[in-house]
Amino acid sequence: MMAPALSNFLRVIRAPLAAILLTLALGFLLVASITDEPVRAYRDLLLANFDSLGNFALFLNRATPLTLIALGVVFSFRAGIFNVGGEGQLYAGAVTTTVVAIAGASLPAVVLMPLAIVAGFLAGAVIGWIPGVLKVRLAVDEVVTTLMLNIIILLITSWLANQVIRDTTAYGAVSWMVPSSIWLPPLPFVPRATSGFLVAAVLAVVSWVVLFRTQWGAEVRAAGTNLRFAEATGVPAARRVISAMVIAGGLAGLAGALYVLGVGHRFEQNFSPSYGLVGLTCALLARVHPIGSLATALFYAAMLNGAAYMQISTDVPRSLVNLLTGLLVLLMTARLRRAAQAA
Amino acid sequence: MNLTSLLAAVLEQSTPILLAALAAMITLRANILNVAVEGMMLAAAFAAVAVGDWSGSAWPAFLSALVVAVVLSQLLALLTLRFFADFIVAGLGINLLAAGGTLFILERYYNSPGGLRPIAFPDIWHVPAGSLSWLPVLGPTFEGQSIIVLIALVAVPLTYVFLYKTPLGASLRAAGEDEHAARSAGIRIAAMKALSLAISGLLAGLAGAQLAMDKLHFFLPDMTSGRGFIGLAATLFGGGQPWMTAAASFLFGFFGALGDRLQVFAIPSQFVLMLPYLAAIIGLTFARWRILVRNRPARIQDNLQ
């Protein structure tokens, strides 16, 4: 019984694993050409996150938004929408949570905390809803609309952070602190890690159940495979696609909300090292699978943080990771033989 | 006077968008949604500044911008056509590679992650001031524009002639419209797609060179700021037709130039900077809505995507 399941699992992860290994190998050649200690550099890149509890906490904090955005991407891609708008949805969520938390500072924490989180989720959901509706009703290309929305949202948040909720005592475009009564508690046993990671991990499992073990999820996937066919068989496909996009945007918005309440405690205009695109990378690397996305998000969080440790210990610039990400995304969907023609 | 300066600003703002739009259009006709224009532009702009700084003359800088963009386009062609990678994913990979690669080079070899600002930079040929004073409105509009602006304007009829009046262009369109039919007519699909990507790279390289070499003479990691995607939107807005695509590019360029003017008033700059992107979304929505209304049971929808 076990053997076929295991071989199936190996077959599924073979291609992404090959892409990762090929990219890391190419990166190693590059690192070896610019430093005398390529092994040291790579050890720090991949493993320095586990050197101390502090590093480990930062690693989990990094993985939290990546996981949530990747889960959002999974919902949208399963519904057939090429959603590149994670960054905008994340920022919409983060800034809305901050605005609600600052405006409602006089409310009791039991009211304000859920209110702020829900507001962040809803803000992301609205930003996901727009390209979803435009795609389903008018066939407006979602790649373009989500990319344009990213830029628009970033400009709106820049205005808010600079002119409206700006902490005038601080340097840079940052908002006032949110009330400390609604900060997320740290993770048990890992003092400086946000408990948002638990939320992300639980939602990864929930997403899998919803997408693969409910009728709603089956209908979303049917709509994503072939919208017209799904409509013809009686599935309300257009509505399923739009609601999948609402959830996708909502999850990215939640990533922003949990970042503000759990890690940043305020809105910072440049808090995201393009989490949106990296989250997309994680989801695609995981072959748009929710549990797989959790694994790839952890891998990527290790790389992103590891790059900083690597830059300190050797003279390899941390932007090596950006370069490797580009290579990885480029190679990710490549294969040696033409895939069997999908329906 | 004020009108001509606005026209000149529109022309200047539109040129990179127009070139990016033509770059996206030529691949769209071969049935490729080319999201990599942005990355090819960025790499080209970097190459122009780096080579201009190193060589001290304009033509090597200009040519290296074109070469880098075409090389990237052929890397994309190799991965998608030979190794069957997904066009959009690999295209985003090109963008990430261009952004990560330029940042890496800036950090590693120039020690300045913020950008590259050569102290002296060679000038590319600009239309000399006063040389067109005999033309009433257009003269002052064109004076001081770079040669790339002129190339961009010529590129519109050239792409039109190539696509509609040459056998090669017809084959390219056939490969994009119906692969199976084109293949049975003896057209080599992969070669056509690679060709369209190469032309796309050339045009994106021109766009990048214009960004870096016209007025700015420096490179910033985010200097393309979505212009490649606005170009893509202009192409979709123009339905893949050269003239309509050019018109849409000028419309978006107009909103960009308008934004610069509005900054004088008390409107926060962010809302002004937003205009071309908002215009792109609204314009695209309007274009799709019109098509939907005009031909209800539409097969054209599939062709344009």
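Because the structure is predicted, anything quoted here is derived from the model rather than measured. Residue numbers start from 1 in every chain, and the chains themselves are labelled A, B, ... in the order their sequence lines are given, proteins ahead of strands.
At a 4.5 Å heavy-atom cutoff, the contact between A/L134 and chain B is made by side-chain atoms alone. Of the atoms belonging to B/Y109, it is side-chain heavy atoms, and not backbone ones, that fall under 4.5 Å from chain A. Neither the backbone nor the side chain of A/L328 comes within less than 4.5 Å of any heavy atom of chain B. Contact of B/T102 with chain A is not made at all, since no heavy-atom distance falls under 4.5 Å.
Remark: A/L155 CG to B/Q270 CD distance equals 6.5 Å, nearest 0.5 Å. We find the OG1-CG distance between B/T285 and A/D141 to be 11.0 Å, quoted to the nearest 0.5 Å. Here the CE-CD1 distance, from B/M274 to A/I153, works out to 8.0 Å after rounding to the nearest 0.5 Å. To the nearest 0.5 Å, atoms CD1 (A/I156) and CZ (B/F271) are separated by 6.0 Å. Rounded to the nearest 0.5 angstrom, A/L147 CG and B/F229 CZ are separated by 4.5 Å.
Taking 4.5 Å as the limit, some side-chain heavy atom of B/D86 sits within range of a side-chain heavy atom of A/F82. Counting heavy atoms from C-beta outward, B/F104 and A/L30 have side chains that approach closer than 4.5 Å. Side-chain atoms of A/M148 and B/L278, non-hydrogen and from C-beta on, never get closer than 4.5 Å to each other.
The candidate from B/L284, B/V35, B/I88 with the greatest count of non-hydrogen atom pairs under 4.5 Å with chain A is B/I88. Chain B forms more heavy-atom pairs under 4.5 Å with one residue of A/L320, A/T145, A/T325 than with any other, namely A/L320. Ranking A/N162, A/I151, A/N322, A/I130 against chain B, the residue ahead of the rest is A/I151, based on heavy-atom pairs under 4.5 Å.
For the side-chain contact (heavy atoms from CB on, under 4.5 Å) criterion with B/I281, the lone passing option out of A/V140, A/L149, A/T146 is A/L149. The only option from B/T80, B/L75, B/V89 that meets the side-chain contact (heavy atoms from CB on, under 4.5 Å) definition with A/L330 turns out to be B/L75.
Here the closest heavy-atom approach between residue A/L138 and residue B/W289 is recorded as CD2-CA, 3.8 Å. Nearest approach of A/R318 to B/E107, heavy atoms of both residues: N-OE1, 3.6 Å. Between B/R288 and A/A139, the shortest heavy-atom contact is NE-O, 3.4 Å.
For CZ of B/F254, the number of neighbouring non-hydrogen atoms (other residues, nucleotides, ligands) closer than 6.0 Å is 12 at most.
Within residues 91-101 of chain B, the residues approaching chain A closer than 4.5 Å by heavy atoms are, in numerical order, B/L92, B/G93, B/I94, B/L96, B/L97, B/G100, B/G101.
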